[in-house]
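No hydrogens, no waters, no symmetry mates; every other heavy atom, side chains included, goes into these values.
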Amino acid sequence: MYSEKALTAVNDALASSRQKALSDAESRKADLYAREPAFGQLESQVARTGAEIALSAFGEDASQRLPVLRQRMEELRRKKRELLAAYGLPEDYLDPHFSCSLCQDTGFVSGKRCSCFRQRLQSLSRNSLPQSMGKGFEDFDLTYYPEQGDRPGSSPRRQMAHILERVKEYADCFGPGSGSLLFLGKTGLGKTHLSMAVGGTIAAHGFWVEYTSAQSMIDRFEKVRFDRGATPEDRDFTSGVLRCDLLILDDLGSEFITSFSQSVLYHVLNERLMADRPILISTNLDPAQLNSAYSERIASRVLCGCTAYAFSGKDIRLEKRLRRKTGQEGHK
């Protein structure tokens, strides 16, 4: 499932790449033919012979003419290779150099999407995520979480190891109807890190992922709703958060809560959950605070429509500062 915008972007990129390859090949030909007319003469003979082969295939004497014409074609190609070699040029010098040799930058092989098309979509989707937050699961350092918690028998490290395992499985097996996630916990516990790791993995699988903070999403909806200098990108965004394969809604609860912000949140949550389109929400609020901050319609969709994971431990950013001061930081 890809956005029309992403499909158009990849198609345009392939068309541009193909046109450049063809244009560059024509420039090389023109330059070489001007220096050595023999190349042009050989090319003309190859083209005429190819046309004769195509026409002879349907003639009554095809069995007699085709072997002769094919032998002539091989001889012309041999002369062309020898002439290129004499100039120190590779055999494919005059051919278009496409970025994908399988589909020749058309995006299709035997009527099916080429593998290069999917690779370009994956790259485009990954690049749409904030690069400054692009850490993956491999960077998630469990040693920042204490082995022993404040309550007897509790272990933030074991709890976070369990969460890490479950969300990695979620990202690896992601597909339509995968369900939504809710990351709960105080600031600095790695919620955004794991959100971006999930998004990056899913984007690498070729799905359409949109990332936004709650406040940013509301601001853009407001610009579009009241026509306050909204750009085409803003309109694409407000459509995309409803239609993308995964919406990552970061920092829910930090936005300025108004009747408009509540209507936007309800609209997005309801539309996505009703359409079975997954959403990953992270918030510093606990369930009681969510119930207090939002209307019952919003709180119930957040708390009941998502699989919740409670993050625990101490503020990792403070722990990192302490490690840097003491020279103990060995992990990113």
Side-chain angles (χ1 to χ4, degrees), residues 1-7 10 113 117-130 133-140 159-185 189-214 217 236-252 264-283 285 287 290 297-311:
M1 298 173 64
Y2 306 111
S3 69
E4 293 178 9
K5 183 178 178 181
L7 290 170
V10 173
R113 289 287 190 193
F117 196 92
R118 182 179 179 85
Q119 290 167 1
R120 284 175 179 265
L121 279 169
Q122 291 173 350
S123 177
L124 186 66
S125 189
R126 285 195 300 270
N127 291 339
S128 70
L129 298 174
M133 300 181 186
K135 291 185 177 181
F137 292 119
E138 67 278 3
D139 302 302
F140 196 76
Q159 183 176 348
M160 293 309 302
H162 171 73
I163 292 173
L164 177 62
E165 181 182 358
R166 295 300 300 272
V167 299
K168 280 177 66 177
E169 181 181 356
Y170 174 89
D172 289 336
C173 301
F174 182 85
S178 282
S180 297
L181 303 180
L182 173 63
F183 290 172
L184 299 155
L189 295 182
K191 298 187 301 296
T192 297
H193 184 142
L194 278 191
S195 297
M196 297 310 300
V198 169
T201 300
I202 290 172
H205 292 164
F207 291 97
W208 179 12
V209 179
E210 287 282 356
Y211 166 87
T212 182
S213 67
M217 181 182 74
D236 285 344
F237 171 84
T238 56
S239 172
V241 296
L242 299 176
R243 297 169 49 237
C244 63
D245 297 313
L246 174 68
L247 172 64
I248 299 176
L249 184 59
D250 196 23
D251 219 8
L252 180 68
V264 170
L265 280 172
Y266 175 76
H267 174 62
V268 172
L269 290 168
N270 192 59
E271 287 291 316
R272 291 195 63 85
L273 292 175
M274 290 293 290
D276 207 17
R277 291 194 175 105
I279 181 170
L280 193 166
I281 302 170
S282 69
T283 180
L285 305 181
L290 284 169
R297 295 192 308 170
I298 292 175
S300 66
R301 280 162 177 77
V302 172
L303 294 169
C304 302
C306 305
T307 299
Y309 292 104
F311 285 51

Please work out whether the ring planes of His193 and Phe140 are parallel, tilted or perpendicular, with thresholds of 30° and 60°.
-> perpendicular
Side chain proximity check, Val167 to Leu280, heavy atoms < 4.5 angstrom = no
Close side-chain approach of Phe311 and Ile163, heavy atoms under 4.5 Å | yes
Any side-chain heavy-atom pair of Tyr211 and Leu247 under 4.5 Å | no
Is it the case that more than 12 heavy atoms not belonging to Arg113 sit under 6.0 Å from its CZ atom?
-> yes
Do Ser180 and Leu273 have side-chain heavy atoms sitting under 4.5 Å apart?
-> yes
For Asp276, which residues count as a side-chain hydrogen bond (donor to acceptor under 3.5 Å, both in side chains) partner, sequence neighbours excluded?
-> none
side-chain hydrogen bond (donor to acceptor under 3.5 Å, both in side chains) with Ser282: which residues, sequence neighbours excluded?
-> Asp250
How about Arg301 and Tyr266: do any of their side-chain heavy atoms sit closer than 4.5 Å?
-> yes
For Ala299 and Leu290, the nearest pair of non-hydrogen atoms, with its separation, is CB-O, 4.0 Å
Determine whether Leu252 and Leu265 make a side-chain contact, defined as any pair of heavy atoms from C-beta on separated by less than 4.5 Å.
-> yes
Which pair of non-hydrogen atoms, one from Arg243 and one from Arg277, has the smallest distance, and what is that distance?
-> O-NE, 3.7 Å
Between the CE atom in Met160 and the CD atom in Glu165, the distance rounded to the nearest 0.5 Å is 13.0 Å
Gap separating the CZ atom of Arg166 from the CG atom of Leu194, nearest 0.5 angstrom | 13.5 Å
Is any side-chain heavy atom of Ile202 closer than 4.5 Å to a side-chain heavy atom of Tyr170?
-> yes
What distance separates Tyr309 OH from Leu184 CG, expressed to the nearest 0.5 Å?
-> 12.0 Å
Minimal heavy-atom distance between Leu246 and Gly199, with the atoms involved, is CD2-CA, 4.4 Å
With no hydrogens and no angle check, is any side-chain donor or acceptor of Ser178 less than 3.5 Å from a backbone partner on Gly175?
-> yes
Evaluate the criterion side chain to side chain contact (heavy atoms under 4.5 Å, CB included) for residue pair Thr212 and Leu249; output intermediate values, then yes/no.
-> CA-CA 5 Å; Thr212 182; Leu249 184 59; 4.0 Å; yes
Could you tell me which non-hydrogen atom of Met217 sits nearest to which non-hydrogen atom of Val268, and how far apart they are?
-> SD-CG2, 4.0 Å
Partners meeting ring-ring contact (aromatic ring centres under 6.0 Å, His included) with Phe237 (sequence neighbours left out) = none
Return the minimal non-hydrogen interatomic distance between Leu242 and Glu271, and the atom names on each side.
-> CD2-CB, 3.9 Å
Under the side chain to side chain contact (heavy atoms under 4.5 Å, CB included) criterion, do Val302 and Thr283 qualify, and how do the steps go?
-> CA-CA 10 Å; Val302 172; Thr283 180; 6.0 Å; no
dist Thr201:OG1 -> Phe137:CZ (nearest 0.5 Å) comes out at 4.5 Å
Is a side-chain N or O of Asp139 found less than 3.5 angstrom from the main chain of Gly136, in a donor-acceptor match?
-> yes
Work out which heavy atom in Asp251 is nearest to a heavy atom in Ala214; give both atom names and the distance.
-> O-CB, 4.1 Å
